[in-house]
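A short worksheet on the structure shown next.
Just so you know, these numbers come straight off a predicted model, no measurement behind them.
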Amino acid sequence: MKIHIARGARRALLLAGVSLAVMPAPPAVAQEAPPAAEQQASTLEEVVVTARRREERLQDVPVAVTALSSEALENLQASDIGALQGAVPNLTLHEGDAANAVVYLRGVGQVDSLAFADPGVGVYIDDVYLGRAQGAFLSVYDVDRIEVLRGPQGTLYGRNTIGGAVKFVSTPLGADWGGRAEASVGDYGLVETRLSAGGALNEDATLLGKAAVSLSRRDGYSDNAFTGMDDGDKDQVAGRISLEYRPTDALSVRLNVDASRDRPDTSRTPARATPVLGLYPDTLADPFKVDADFNDLNALDTFGAALTADWVVSDLWSFKSVTAWRSMDYASHLDLDATPLAVFGVYVDENQQQFSQEFQLTYAGERLDAVAGVFYFDESDLTYSGLLGPVISLVTGSVNDQHNRSWAAYGQATYDLSDRLSLTAGMRYTYEDKDFRRTQTFYGPLTEPPAREDPGLLVTDIDTSASWDSWSPKLGLDYKVSDDVMAYVSVSRGFKSGGFDGRANDASGAAPYDPETLWAYEAGVKSTLMDRRLTANMAVFWNDYTDLQLSSFSADGGGGFIALFTNAGAATIRGAELELTARPVPELTLNATVGYLDARYDDYIGPGGADISDQ
C-alpha cells in the first residue's frame, strides 16, 4: 500500500513537471526558492557606518558600535536622544537642565554639567564635536542614522571621547523633490511635529537644498504646591537648513545651519524626599508634587553652522574639510532646596562659543586603508551664576571666564595581512591649554539675583592657566572566521581634558586637576547568521581607569559644606555586551541587547587625603 502511494505521487509530480515546463517561468525556481523581492524583505537591512571615518558595513567594523537607522529610530518612536538608552548596551543617558546630555558608556562619563567639567562621551553632529553637555540632549529629526561607539575613541575622535562617542548623521540631500511630515500626541498634553522637504534648486541638479523643523511641547509632569502651576514642561523648536553644491562628481561642498530654542515655563525641580528646616509638607509623600519658589526660568538657545567639503582626489585618495562654529546661551533659575522658602536657589547665565577646524586625508588601496588628519578647537565660555538664599542671609555671584584650545594630529591604518587577517594601528597626539578666571562676590540679603555689575564684597579672585598633552594609541587585530563571522581584539587609550574647579573659593582650590586616562582591552565577535536573518554581536572589555574627575561634597570647619571637584584616584571596569537582531518573517524584526558591568574603585582619595575606596 505504501509503495503504491509513493509511485502514484511520483507520477503526479512528473506530470505536473511536464505540463508546467511550457510556461515562461521555470517551476523549479518558483517552488524551491522565494522570489528575490520576498527573500530580500526577509533579510536584515545592511547598515553602512562611518565609525572609522570611512564608509563600511557595520558587520565589517572591528569596533563595538551600535548603528540605528532612520527606520530603527522611527520604530523606537525616538523624539530625542533619550530613546537610545534601551537600544544600546551599557548606555546610561538622562537629561539635565538646559537639555544637558548626561551620557555614560560602559560606566564612563561626567555627571557634573557646569562649564568647567568636560563631558566624558563626545556628541557629534555631522562630524562636528559639541564642546558642552548643555544643548546636547538633541531632538531626533532629519537623521539618517545615529552611531554609538562604545569605549575610548582616542585615535580618530580624540577630544573627550574617553567613554565613547554618539554621532548624529543627518539625512543626505537628493535631487528629487520630496518631503516628510510626522505628528504625534501623548499624555501630559504632548504634541510633537517634524517636517522636512528638499530637492534640486537648479536644472542641472548641481545645487541641492533641504529644510527641516521639529516642534515639541508638553505640560509639566509635576504639580507645584507653591505656585499652583505644573513643573517640568517642555516648549522647544529646532530647525536645520542645508545647501549642497556639486560642481563635479568628485567634489561636493555642503553648508549646514541649525538652531534650537527652548522656552518652557519652568525649570525642573527635584522631588524632595527628606524634610528641610524642619518642614514636613504633604509633598514628601508624592514624587510628582513639588514645593518650589525659584523655578520660573529655563531658557536655552543654540546655533551652529558647518561647512563640509569632500573631494575625491583619485581612485585611491580623498580629502575632507570640516569648518564649524557654534554658540549656546543658557539661563535658568533652579530651586535646589525644593521648598517654598528662599533657602537654596541657584541662578545661571551662560554664554558659550566654539570654533573647530578639521582636515582629513583618506587612502583606500587594495590591501591598505588609512586616514590621517589634524584638528583644532577653540572655545570660550562665560558663566555668571550664584546662590540666592536670603532666608539664610547668603547671596553670591560668581563669574567664571574660561578659554580652551586644543590641537591634535592623528593617523590610523588597517593592513590586510591575508585575505582573512587584518592589522589596525593608530596614534593621536593632543595638546590642550586652558585659561581660567574666577571672581566671587557676596551680597546682602537680596530677594532677586544680583546683576554682574552690582557692588558687593569680593571674596574670590582667581586667574590661572595650565596645559596638558597626551598620546592616544590603538592596536587591533581582526580575523574573518568565515564570510559571515568576524572576531577581533584591540587595545586603546582614551584621554579627557584636565581643568580647574569652577566652584573654588581660593587659588589653592583652583589648582588644576589632572586629565583622565583609560586603557581599554576588548575582544569581540560579529556574526551574520541564518541567511542574513540574524545578527549576533558580542564584546567583552576590561578598562583600567585613572585620575577620575568627580564632584563631591564635604563639611567645612564652620558646620557648612564645601563642593569639591577633584581626581578621585583609580578604578577598574569590566563587562560584556550582546546585541541580537532577528527577522524571522518579513513583517517582524526582533531586537535584544544585554549589558553587564562590574566596576569598582581601586583608589578614591577623599577630603583630607584619605583613601575611602573601601567605603
Side-chain angles (χ1 to χ4, degrees), residues 68-87 93-103 113 123-126 130 132-146 166 168-171 179-198 210-224 229-242 256-269 288 295-304 326-334:
L68 300 170
S69 65
S70 57
E71 181 183 358
L73 294 168
E74 183 179 345
N75 292 337
L76 280 174
Q77 302 182 35
S79 59
D80 55 45
I81 193 177
L84 302 182
Q85 178 164 271
L93 194 156
H94 71 267
E95 180 182 10
D97 295 291
N100 173 26
V102 182
V103 189
S113 63
V123 178
Y124 290 77
I125 301 179
D126 291 326
L130 304 186
R132 294 295 103 209
Q134 290 90 338
F137 199 88
L138 303 173
S139 297
V140 174
Y141 72 102
D142 186 41
V143 175
D144 181 67
R145 67 184 182 277
I146 298 177
V166 179
F168 273 59
V169 181
S170 60
T171 306
R180 183 182 180 91
E182 301 176 60
S184 58
V185 296
D187 55 0
Y188 297 101
L190 174 69
V191 177
E192 293 180 336
T193 305
R194 290 179 287 275
L195 307 169
S196 64
K210 181 184 61 175
V213 64
S214 168
L215 299 96
S216 181
R217 291 182 173 86
R218 188 202 66 224
D219 297 331
Y221 50 80
S222 297
D223 295 323
N224 190 344
M229 299 173 58
D230 54 30
D231 182 89
D233 62 313
K234 186 176 184 179
D235 187 355
Q236 182 194 69
V237 58
R240 178 184 295 111
I241 295 176
S242 301
N256 284 337
V257 178
D258 67 89
S260 69
R261 178 180 173 89
D262 259 321
R263 288 296 185 275
D265 294 328
T266 68
S267 62
R268 296 194 300 169
T269 303
F288 293 98
N295 68 338
D296 59 334
L297 176 64
N298 191 20
L300 173 69
D301 295 310
T302 69
F303 177 83
R326 300 195 63 85
S327 69
M328 184 270 297
D329 292 289
Y330 162 56
S332 185
H333 291 168
L334 306 173

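The shortest distance between side-chain heavy atoms of Tyr124 and Val169 does not fall below 4.5 Å. Residues Phe168 and Asp144 form no side-chain contact, since every pair of their non-hydrogen atoms from C-beta on lies 4.5 Å or further apart. In this structure, Leu300 and Asn298 have side chains that are not in contact, with every pair of non-hydrogen atoms separated by 4.5 Å or more. In this structure, Lys234 and Tyr221 have side chains that are not in contact, with every pair of non-hydrogen atoms separated by 4.5 Å or more. Considering only heavy atoms from C-beta on, Asp219 stays 4.5 Å or farther from Met229 through its side chain. Considering only heavy atoms from C-beta on, Leu93 comes within 4.5 Å of Ile81 through its side chain. Residues Ile146 and Val140 form a side-chain contact, since some pair of their non-hydrogen atoms from C-beta on lies under 4.5 Å apart.
Partner of Ser222 under the side-chain contact (heavy atoms from CB on, under 4.5 Å) criterion, chosen from Asp233, Asp230, Asp231: Asp231. When each of Thr171, Asp142, Asp258, Asp126 is paired with Arg240, the side-chain hydrogen bond (donor to acceptor under 3.5 Å, both in side chains) condition holds for Asp142 and for no other. Evaluated for a side-chain contact (heavy atoms from CB on, under 4.5 Å) with Leu138, the options Ile125, Asp80, Thr302 yield exactly one hit, Ile125.
No donor-acceptor pair under 3.5 Å is formed between the side chain of Gln236 and the backbone N or O of Ser216. Formation of a donor-acceptor pair under 3.5 Å by the Ser69 side chain with backbone atoms of Arg145 is not found in this model. Counting only distance, with no hydrogens or angles, the side chain of Tyr141 and the backbone of Thr193 share no donor-acceptor pair below 3.5 Å. With hydrogens and angles disregarded, a donor-acceptor distance shorter than 3.5 Å links the side chain of Ser332 to the backbone of Leu297.
At most 12 heavy atoms of other shown residues, nucleotides or ligands fall within 6.0 angstrom of atom CD1 in Ile241.
For the atom pair His333 NE2 and Asp296 CG, the distance stands at 5.5 Å (nearest 0.5 Å). Taking OG1 of Thr266 as the start and CG of Leu334 as the end, the distance is 10.5 Å to the nearest 0.5 Å. Here CZ of Phe137 is found 4.5 Å from CD of Glu95. Values are rounded to the nearest 0.5 Å. Rounding to the nearest 0.5 angstrom, the gap separating the CE atom in Met328 from the CZ atom in Arg132 is 7.5 Å. Between atom CD of residue Glu182 and atom OG of residue Ser196 there is a gap of 8.0 Å, rounded to the nearest 0.5 Å. In this structure, OG on Ser139 lies 8.0 Å from CD on Glu192, to the nearest 0.5 angstrom.
Shown here for Ala259 and Phe303, the closest heavy-atom pair between the two residues is CB-CD1, 4.1 Å.
Ion pairing between Arg261 and Asp329 fails under the 4.0 Å rule for side-chain N and carboxylate O. Of the charged side-chain nitrogens involved, at least one lies within less than 4.0 Å of a carboxylate oxygen, so that Glu74 and Arg180 count as a salt-bridged pair.
No donor-acceptor contact under 3.5 angstrom links the side chains of Ser267 and Asn295, judged on distance only.
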